[in-house]
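Notes follow the structure.
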Amino acid sequence: MSAPSTTSRGVIGWGMLTPRRAARVAVLDPAGSVFLFRYDNEEVGVHWAMPGGGLEAGEDPRDGARRERREETGWADLEPGPLLCTWEHDFTRAGVPVRRHEHIYLARGPRREPAGDVAAAHAEDRILHWRRRTRREPAALADALWPPQLPTLLAGLPWARTPHPEPVHLGFVPAGFVPDGATGRRAGDEFGRAAESAL
């Protein structure tokens with residue numbers, strides 16, 4: 001799935017934003033807790049996000065999510081599952097203003113710690129530490145959560161049945177955004193009502 005054209009025309013006070021594509025994986029353990037890293041970014045500061053990062057030139061989002069998950073966690077046995085959502089946000093990367101379009105995939109796996117030698121990857125990506133959060137708990141995090149709507153999205157998942165809902169397209173999410181029950185655009189509104197009721 002290619003990024004919308006809006007990613008190439010974002011403008012902020014100091015000039016044009018550089019478009020960048022990225023992918024992440026929401027890794028859920030058997031209890032439904034999501035695995036999060038605590039990152040530090042020069043513009044937005046400390047925030048929580050799922051394993052993932054920028055795509056390489058010509059890389060498919062699902063392949064990029066698989067590569068980033070392996071590099072940051074050391075887990076080689078998890079495959080990105082269905083697409084949970086896409087979203088866009090602005091930040092600064094290596095001094096360059098960026099508008100990032102992210103794909104976030106679901107995966108399920110055992111409850112475990114990162115494996116192998118991931119220290120270099122964590123240093124490069126400025127990962128401070130990690131932890132798990134329940135489907136409801138991320139809303140109470142003191143630091144920013146990327147995307148902010150993650151607790152709502154996870155709370156609305158049909159844990160006892162398949163197939164998964166269609167992916168949510170959150171669009172552009174400005175820095176400092178606080179969810180107020182909006183869950184993005186989706187064909188049909190059953191998931192939206194379920195997710196809103198979980199707030």
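Quick caveat, the model's predicted, so the values are computed rather than measured. The residues of the chain are indexed from 1 along the displayed sequence.
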For this session: Check the pair Leu106, Leu28 against side chain to side chain contact (heavy atoms under 4.5 Å, CB included), reporting the backbone distance first and the verdict last.
Result: CA-CA 8 Å; Leu106 284 170; Leu28 307 176; 3.9 Å; yes
Problem set entry | salt bridge (Lys or Arg N to Asp or Glu O under 4.0 Å) evaluation trace for Arg67 with Glu59 | CA-CA 10 Å; Arg67 174 182 54 77; Glu59 189 174 34; 2.9 Å; yes
For this session: Give the C-alpha distance, both sets of side-chain angles, the deciding distance and a yes or no for side chain to side chain contact (heavy atoms under 4.5 Å, CB included) between Glu88 and Val173.
Result: CA-CA 6 Å; Glu88 294 181 6; Val173 179; over 6 Å; no
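Taking CG of Leu145 as the reference point, atom CZ of Arg133 lies at 9.5 Å (rounded to 0.5 Å). Atom CG of Leu55 is separated from atom CD of Glu102 by 9.0 Å, given to the nearest 0.5 angstrom. How far CG of Leu36 is from CG of Asp143: 11.5 Å, rounded to the nearest 0.5 Å. Rounded to the nearest 0.5 Å, atoms CG (Leu157) and CG (Leu84) are 6.0 Å apart. Rounding to the nearest 0.5 Å places CZ of Arg24 at 11.0 Å from CG of Leu150.
Of the possible donor and acceptor atoms, none in the side chain of Arg99 sits under 3.5 Å from a partner among the backbone N and O of Phe172. Between the side chain of Trp130 and the backbone N or O of Pro51, no donor-acceptor pair lies under 3.5 Å.
Relative orientation of the Phe91 and His89 rings is parallel, given thresholds of 30° and 60° on the angle between their planes. Ring-plane geometry between His47 and Tyr39 is classed as parallel, the angle between the planes falling under 30 degrees on a 0 to 90 degree scale with a further cut at 60. Using bins of under 30°, 30° to 60° and over 60° for the plane-to-plane angle, the ring pair Trp87/Trp146 lands in the perpendicular bin.
Screening Arg69, Glu72, His103, Arg70 for a side chain to side chain contact (heavy atoms under 4.5 Å, CB included) with Val25, the sole residue that qualifies is Arg69.
Within a 6.0 Å sphere centred on CD of Glu124, heavy atoms belonging to other residues, nucleotides or ligands number 12 at most.
Remark: Arg66 fails to qualify as a cation-pi partner of Tyr105 under the 6.0 Å distance and 45° angle criteria applied to the six-membered ring.
Among residues two or more places apart in sequence or in another chain, the ring-ring contact (aromatic ring centres under 6.0 Å, His included) test is passed with His122 by Phe37.
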